[in-house]
Amino acid sequence: MLIKELRKITGLSQAAFAKKFRIPLGTLSHWEQGVRTPPDYVIYMMSRIIYMEREQYKK
């Protein structure tokens with residue numbers, strides 16, 4: 001479910017988020033629904049990228 005929260009922070013649709021991170025849309029959907037669990041490193045990398053992008057916009 002953390003993936004869905006990260007996506008909502010970005011304001012992107014599922015399709016746009018999946019495209020941005022080069023994840024199949026079905027995989028993203030399964031992660032958000034709790035059908036599957038993404039690897040911890042994927043969550044970490046996504047959160048770091050999102051954080052860095054947000055910090056860059058503040059400057």
Side-chain angles (χ1 to χ4, degrees):
M1 296 288 195
L2 183 57
I3 294 292
K4 188 172 188 175
E5 293 171 25
L6 288 173
R7 181 176 63 80
K8 290 195 177 232
I9 288 170
T10 65
L12 296 174
S13 67
Q14 279 188 336
F17 192 84
K19 184 175 181 181
K20 174 181 180 69
F21 288 102
R22 298 181 182 181
I23 300 166
L25 184 55
T27 299
L28 177 61
S29 179
H30 283 155
W31 287 350
E32 288 192 3
Q33 294 171 11
V35 175
R36 302 243 187 261
T37 304
D40 290 338
Y41 76 90
V42 171
I43 296 170
Y44 176 76
M45 289 189 327
M46 286 179 173
S47 63
R48 292 296 301 156
I49 290 168
I50 292 166
Y51 172 79
M52 290 177 2
E53 287 176 347
R54 291 174 58 98
E55 287 298 308
Q56 189 176 29
Y57 286 122
K58 289 182 181 179
K59 293 180 180 181

Query - Pairs satisfying salt bridge (Lys or Arg N to Asp or Glu O under 4.0 Å), at least one member in residues 11-39, at least two apart - result: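 Listed once each, the pairs are Arg7-Glu32, Lys20-Glu53.
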Is the shortest heavy-atom distance from the side chain of [X] to the side chain of [Y] under 4.5 Å?
X: Phe17; Y: Leu28; value: yes
X: Arg54; Y: Ile9; value: yes
X: Trp31; Y: Val42; value: yes
X: Phe21; Y: Met45; value: no

For this session: Indicate if Tyr41 and Leu6 have the same hydrophobic cluster label, given that clusters are the connected sets of ILVMFWY residues with side-chain heavy-atom separations under 4.5 angstrom.
Result: yes
Distance col, row Ile3:CD1 vs Gln14:CD, nearest 0.5 angstrom, shows 11.5 Å
Could you tell me whether a side-chain N or O of Ser47 sits under 3.5 Å from a main-chain N or O of Ile43, the two making a donor and an acceptor?
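It does hold such a pair.
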- Task: Show your working on side chain to side chain contact (heavy atoms under 4.5 Å, CB included) between Ile23 and Met46 and close with a plain yes or no.
- Result: CA-CA 11 Å; Ile23 300 166; Met46 286 179 173; 2.9 Å; yes
